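Whatever order the structure lists them in is the order used to number ligands and atoms, beginning at 1. Just so it is clear, the model here is predicted, and its values are computed rather than measured.
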Amino acid sequence: MAPTIPKEQWAQVIEKTGGPVDYKKIPVPTPASDEVLVNIKFSGVCHTDLHALNGDWPLPTKLPLVGGHEGAGVVVSRGELVKDVEIGDHVGVKWLNGSCLSCEFCQQSDEPLCPKPLLSGYTVDGTFQEYCIAKAAHVARIPKEVPLDAIAPVLCAGITVYKGLKESGVKPGQWVAIVGAGGGLGSLAQQYARAMGLRVIGIDTGDAKKKMCLEQLGSEAFVDFATSKNLVKDVQAATPDGLGPHAVILVAVNEKPFQQAAEYVRPRGTVVCIGLPAGAYLRAPVFESVIKMITIKGSYVGNRKDSAEAIEFFARGLIKAPFQVVGLSELQMVYDKMQKGEIAGRYVLDTSK
Ligand code: 8ID
Ligand code: ZN
């Protein structure tokens with residue numbers, strides 16, 4: 001029996017850049033021929049959603065905007081060209097809502113680099129609503145036994161850090177520093193790193209995040225960036241030979257660590273930039289970069305295969321990161337906490353509340 005789809009739904013809407021978000025009723029959209037309509041059950045709140053609200057990136061959002069791009073839910077209707085996604089399937093709506101599928105980048109499975117991307121919760125309405133549209137070719141497949149609340153943060157944070165770890169080229173047994181370890185991406189990065197056989201140094205601040213990283217997420221060492229007197233030395237000292245981590249995964253929302261990582265990464269090591277602090281620049285000493293032969297690179301979400309792999313790690317029970325569920329109506333509270341750096345792990349919104 002086809003599910004009943006209401007005409008109206010609850011959503012969190014940004015009317016103007018800077019906010020606040022407005023919790024109100026809006027029409028339920030209708031999918032085009034190549035799209036599906038997903039009844040979003042849970043959506044994670046990523047710091048990218050806060051960048052969208054604040055308008056602090058050099059890329060304008062649509063307005064009014066429904067944010068959100070970590071949506072897990074159930075397909076309730078589909079366009080007439082959609083053949084391989086069924087009504088009732090569990091799917092994830094990711095940051096990359098759609099891409100052209102024919103450019104050079106889409107052809108080589110680098111679809112996040114498509115010059116004409118549709119970005120959920122940024123250039124198209126996202127997952128902070130009960131019913132969300134997504135291109136059928138891009139929805140992530142979620143096995144039915146996987147809980148939709150816990151998988152939600154994987155749909156951006158998990159996929160992104162898993163991809164970043166692969167891009168770093170580190171091998172099992174090697175050390176990786178996760179900078180911003182206490183946040184949404186950082187907490188999942190530790191779990192993926194452990195599942196991939198890596199040894200982890202967490203970098204963030206405060207006792208709650210320290211405890212979470214060391215006791216729950218698998219970091220073997222923790223460096224508090226706010227209290228460390230010599231961060232570079234402390235990070236290097238956390239590896240047994242004192243030469244520093246083989247890779248650094250930067251997921252902080254602050255420019256400074258992007259200018260420090262090259263100093264403590266091991267010779268031949270790789271610095272992977274993922275966090276997107278507003279107006280920030282990379283900086284590295286030329287002398288050390290050259291004589292240590294280091295690599296500095298960016299990493300941006302993941303393609304459909306990376307997404308499927310990241311979900312499979314989760315489905316196998318290898319990824320357990322803390323999250324707190326609150327109602328969709330409480331999004332502004334989540335933004336306020338995120339702005340102050342007070343969130344350990346991820347908040348997930350229940351769209352029915
Ligand atoms: O594809 C991508 N590249 C991608 C995908 C998804 C998200 C990029 N992002 C970007 C987001 O837009 C955001 O800029 O990654 C960044 C992190 O997102 P998040 O994990 O959702 O943010 P959070 O939960 O607020 O965590 C940030 C953590 O960084 C710590 C904070 O304490 C917090 O725990 N942090 C800060 I701010 N400064 C730090 C520093 N100097 C720091 N940790 C270590 N050193
Ligand atoms: Zn995100």
Minimum side-chain heavy-atom gap Gln9-Pro29 below 4.5 Å: yes
Ligand 1 atoms in contact with Ala252 (distance to a heavy atom under 4.0 Å): 29 (O), 35 (N), 36 (C), 38 (N), 39 (C), 42 (C), 43 (N)
Whether over 12 other heavy atoms sit under 6.0 Å from Lys297 NZ: yes
Pair Val13-Val66, side-chain contact (heavy atoms from CB on, under 4.5 Å): steps then yes or no: CA-CA 5 Å; Val13 185; Val66 177; 4.2 Å; yes
Thr239 side chain to Gln236 backbone, donor-acceptor under 3.5 Å: yes
Under 4.0 Å to a heavy atom of Ser299 - the qualifying atoms of ligand 1, by number: 1 (O), 2 (C), 3 (N)
Nitrogen or oxygen of Tyr300 less than 3.5 angstrom from that of ligand 1: no
Under 3.5 Å donor-acceptor, Arg78 side chain and Val36 backbone: no
Region of Lys256 engaging ligand 1 - heavy atom pairs below 4.0 Å: neither
Leu185 contact mode with ligand 1 (heavy-atom cut-off under 4.0 Å): both
Numbered atoms and elements of ligand 1 in range of Thr48, under 4.0 angstrom, heavy atoms: 6 (C), 7 (C), 9 (N), 11 (C), 12 (O)
Numbered atoms and elements of ligand 1 in range of Trp57, under 4.0 angstrom, heavy atoms: 12 (O)
Protein heavy-atom partner closest to atom 44 (C) of ligand 1 - residue, atom, separation in Å: Phe225 CD2, 3.3 Å
Ligand 1 N/O within reach of Gly182 N/O, cut-off under 3.5 Å: no
Expected output: side-chain Asp49 to main-chain Gly67 donor-acceptor under 3.5 Å: no
Atom 22 (O) of ligand 1: nearest protein contact (heavy atom, Å): His47 CB, 3.2 Å
For atom 8 (C) of ligand 1, the protein heavy atom that lies nearest, with its residue and separation: Ile274 O, 3.1 Å
For atom 26 (O) of ligand 1, the protein heavy atom that lies nearest, with its residue and separation: Gly183 CA, 3.3 Å
For Val301, the ligand 1 atoms whose distance to one of its heavy atoms is below 4.0 Å: 1 (O), 2 (C)
N/O donor-acceptor pair under 3.5 Å between Gln12 side chain and Leu328 backbone: yes
Whether Glu111 side chain and Arg304 backbone form a donor-acceptor pair below 3.5 Å: yes
The Zn ion (ligand 2) contact by His69, N, O or S atom under 2.8 Å: yes
Nearest non-hydrogen protein atom, atom 15 (O) of ligand 1: Gly275 CA, 3.4 Å
Ile133 and Val124: CA distance, side-chain angles, deciding distance, side-chain contact (heavy atoms from CB on, under 4.5 Å) verdict: CA-CA 9 Å; Ile133 297 271; Val124 295; over 6 Å; no
Parallel, tilted or perpendicular: ring planes of Trp95 versus His69, cut at 30 and 60 degrees: perpendicular
Location of contacts on Ala344 toward ligand 1, heavy atoms closer than 4.0 Å: neither
Atom NZ of Lys292: over 12 foreign heavy atoms under 6.0 Å: yes
Electrostatic pair Asp125:Lys62 at N-O distance under 4.0 angstrom: yes
Interfacing atoms of ligand 1 (cut-off 4.0 Å, heavy-atom, Cys156): 5 (C), 6 (C)
Identity and separation of the nearest protein heavy atom to atom 17 (C) of ligand 1: Val251 O, 3.1 Å
Atom 32 (O) of ligand 1: nearest protein contact (heavy atom, Å): Asp204 OD1, 2.6 Å
Atoms in ligand 1 with a heavy atom of Pro257 nearer than 4.0 Å: 40 (C), 41 (N)
Atom indices of ligand 1 within 4.0 angstrom of Val179 heavy atoms, with elements: 44 (C), 45 (N)
Closest approach of any protein heavy atom to atom 21 (O) of ligand 1, naming residue and atom: Arg346 NH1, 2.7 Å
Heteroatom distance test (Gly345, ligand 1): nitrogen or oxygen, under 3.5 angstrom: no
Polar side-chain atom of Thr205 near backbone of Asp224 as donor-acceptor pair, under 3.5 Å: no
Electrostatic pair Arg316:Glu312 at N-O distance under 4.0 angstrom: no
Any Lys163 heavy atom less than 4.0 Å from ligand 1: no
